[in-house]
Amino acid sequence: MVRFYNTLTKKKEDFYPIEDKIVKMYTCGPTVYDFAHIGNFRAYVFEDLLHRFLEYIGYKVIRVMNITDVDDKTIKGAKKEGISLKEYTDRYIKYFLEDINTLRLKKPDFMPRATEHIKEMVELIKKLLNKGYAYYKDGSIYFSISKFSSYGKLSGIDLSNVKIGASVDADEYEKEDVRDFVLWKKAKEEEGVYWDTEIGKGRPGWHIECSAMSMKYLGETFDIHTGGVDNIFPHHENEIAQSESATGKKFVNYWLHCAHLLVNGEKMSKSKGNFYTLRDLLNKNYNPVAIRYLLLSTHYRDPLNFTEQSLRQAENTVRNYNEFYKGLNICASEKYNQMIKQEIEKAKKGFIKELSDDLNISSSLSSIFNFIKTVNIFFSKGEFGKENVKEVKEFMEDIDRVLCIIERKEEFLPEEILDLIKEREKARKDRDFEKADKIREFLKQKKIILEDTPYGTRWKKLD
RNA sequence: GGCCUGGUAGCCAAGCGGGAAGGCAGCGGUCUGCAAAACCGCUAUUCGCCGGUUCAAAUCCGGCCCAGGCCUCCA
């Protein structure tokens, strides 16, 4: 049984999707006004793990990630560069898709853009107007929080405690109650970004896009909605209010939120200079797979303290993991060790069991590392055969559908180097160790490391 | 001020009432012609601090300290 911590109920619950074997999942995606930073990617990696794990255990996942391509920041950015909003956001969408690839994040089934769903948003707002949940004020449309009695159920916020006027209303529109939120913003001439619709000339507020697009692709009630904790209030709270007011149905069954990423124990911020984009790290030559591993390997509800030291540690772990995976190949023995199959079963069981418990990735990984240790023992004793190699590699590839940390790049050595290795093996057989060591040292200079195993000599390249 | 997380070895990180997982780094050993890799052992009599509950607490309760988040457009 899969269990998740549900922000809505504040406890771990057994997971039952609405339709058997199908999970409908919505992820709050990027606002495409700049490069995404590793804090953003922490959330996307968590969602990727969730997505992949659900598929791994047999669910069909239908997943939507929105792209916010119209808001104050994108409009401002485009204006500053003197290009169209589309030109501006297209650029950052492209970068985002590249970053997703770099981190091996599975692409959601739908990545709808807000600007391409104005019609759906207008329909939803009309519904809210008709039902009396929304009102016009100076050409903008607001949602009336007082009409939705269960407002606050997700975040646990007590509206009477909200400091009124604490933050200046960014858009400076008037509303009846300062706590009401905007559904539709009246067009501003100087912005030059608006749609002429039956509810007026304007552009959507932030929250409405997620309600409109999730319902379009997933239905009025769906299974899982994810995001960072900072989205709980107000964004997700408002999504619930507007969606449930419009449909009269429960919006989402399971809300999952991941904790923040800190950098050197502090909140990441540009002014502190501890702000990393993915590209910053790649420019420093860090292995992208290690970045994925680092973001993946801490439980999603715990704060993750990012440091370059921990990234280097992750690089070592990923390197060792891959060397184990590749290093088995040398074994061509006809032996067959019956125990390996059992060990695979055990490891797989542990892996699934732990991930099923609210994605306990650390425990599930420990099950895999224990497996590796056991295999190494058999391997180095010579109690291993090529069928076992196949079994173990298949298992690692199997779980890699979730983890995605295997590096599959094929490595080649030139013929003459391979001949040298053979020559060394012959020298060793002839007990001409001086020659053998000379060859080994020579290749080491060329960053090729030789290792003698019970099954012959294997090589690896240092990077 | 209100609400909410987290503080476990040198570093990262599980466990959340009854044996302190796992990873990285380090040291010693086994194996090896020598290496490398691997394996074994060592590195937390103790889980931020102080009290309390309990036969039993890292785990529950209370207080305190530290770090972080949210409190109307940050993942």
Side-chain angles (χ1 to χ4, degrees), chain A residues 7 10 27-31 36-47 68 71-73 145 155-171 175 178-182 205-207 226-235 237-238 257-262 265-269 293-294 297-299 301-305 307 309-321 323-324 327 354 360-370 372-373 375-381 428 431-434 436-437 440-441 444 449-454 457-458 460:
Chain A
T7 308
K10 313 242 179 322
T27 304
C28 280
T31 301
H37 56 69
I38 49 165
N40 299 314
F41 284 115
R42 199 245 166 133
Y44 301 134
V45 169
F46 142 62
E47 287 147 359
T68 302
D71 80 318
D72 292 352
K73 283 179 290 211
I145 281 175
S155 56
I157 202 157
D158 178 356
L159 276 183
S160 57
N161 267 330
V162 171
K163 282 191 281 184
I164 291 173
S167 75
V168 181
D169 185 11
D171 51 32
K175 34 189 174 176
V178 284
R179 295 168 308 202
D180 288 348
F181 60 90
V182 69
W206 175 36
H207 314 297
T226 62
V229 284
D230 50 339
N231 269 336
I232 295 172
F233 187 84
H235 184 48
E237 196 71 70
N238 290 349
H257 293 96
C258 74
H260 270 117
L261 176 137
L262 304 175
E266 294 181 305
K267 187 178 178 174
M268 182 163 42
S269 73
Y293 180 83
L294 179 59
S297 58
T298 294
H299 185 82
R301 285 193 290 114
D302 285 335
L304 174 89
N305 186 16
T307 61
Q309 186 195 3
S310 56
L311 183 51
R312 270 178 252 119
Q313 292 182 359
E315 281 188 324
N316 288 342
T317 306
V318 167
R319 185 200 60 216
N320 294 347
Y321 188 88
E323 281 182 3
F324 169 78
E354 295 303 337
N360 190 340
I361 183 73
S362 305
S363 292
S364 74
L365 286 173
S366 82
S367 153
I368 302 307
F369 286 115
N370 283 325
I372 289 177
K373 184 173 280 186
V375 170
N376 267 328
I377 291 170
F378 286 124
F379 185 87
S380 53
K381 278 189 194 160
R428 285 187 71 225
R431 307 194 66 79
D432 183 355
F433 297 123
E434 201 179 324
D437 290 351
R440 185 169 63 193
E441 189 51 35
K444 196 177 168 188
I449 303 297
L450 299 188
E451 296 172 354
D452 299 322
T453 78
T457 299
R458 70 185 175 198
K460 66 185 182 196

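Each chain gets a letter, A, B and so on, in the order the sequences are listed, and its residues count up from 1.
Of the nucleotides present, B/G41 is the one that pairs with B/C27 by Watson-Crick or G-U wobble criteria, both distances under 3.5 Å. Of all nucleotides present, none satisfies the Watson-Crick or G-U wobble test against B/U32 with each distance under 3.5 Å. Here B/G62 sits opposite B/C50 as a Watson-Crick or G-U wobble pair (both hydrogen-bonding atom distances under 3.5 Å). Remark: B/G68 base-pairs with B/C4. Criterion, Watson-Crick or G-U wobble with two distances under 3.5 Å.
Each of A/Glu323 and A/Glu47 was assigned the nucleotide of RNA chain B with the nearest heavy atom; the assignment lying further toward the 5' end belongs to A/Glu323. Both A/Cys258 and A/Leu262 sit near RNA chain B, but only A/Leu262 has its closest nucleotide nearer the 5' end.
For A/Asn305 and B/G68, the CG to C1' distance is 10 Å, given to the nearest whole Å. With rounding to whole Å, A/Lys373 atom NZ is found 5 Å from B/G23 atom P. Atom CG in A/Asp230 sits roughly 5 Å away from atom C1' in B/C74 (whole-Å rounding). Atoms CG (A/Asn360) and C1' (B/G23) sit 14 Å apart, rounded to a whole Å.
Taking only distance into account, the side chain of A/Arg42 never meets the base of B/A75 through a donor-acceptor pair shorter than 3.5 Å. No donor-acceptor contact under 3.5 Å links the side chain of A/Asn320 to the base of B/G23. Counting distance only, with no hydrogens placed and no angle test, the side-chain atoms of A/Gln313 and the base atoms of B/C11 include a donor-acceptor pair under 3.5 Å. Counting atom types as modelled, A/Arg440 pairs a side-chain N or O with a base atom of B/C34 as donor and acceptor under 3.5 Å. Counting distance only, with no hydrogens placed and no angle test, the side-chain atoms of A/Asp452 and the base atoms of B/C34 include a donor-acceptor pair under 3.5 Å.
Contacts of A/Ser380 with the nucleic acid, taken as non-hydrogen atoms under 4.0 Å apart, involve only primed sugar atoms and P, OP1 or OP2. Among the atoms of the strands shown, base atoms are found under 4.0 Å from some heavy atom of A/Glu451. Using a 4.0 Å heavy-atom cutoff across all strands shown, A/Asp302 reaches sugar-phosphate atoms only and no base atom. Using a 4.0 Å heavy-atom cutoff across all strands shown, A/His260 reaches at least one base atom of the nucleic acid.
A donor and an acceptor atom, one from each side chain of A/Thr457 and A/Asp452, are located under 3.5 Å apart.
For A/Phe369 and B/G22, the ring-to-base geometry does not satisfy the stacking test (centroid distance below 5.5 Å, interplanar angle below 30°).
Here the side chain of A/Asp180 pairs a donor or acceptor atom with the backbone of A/Ile145 at under 3.5 angstrom.
On the P atoms, B/U45 is 15 Å away from B/C50, given to the nearest whole Å.
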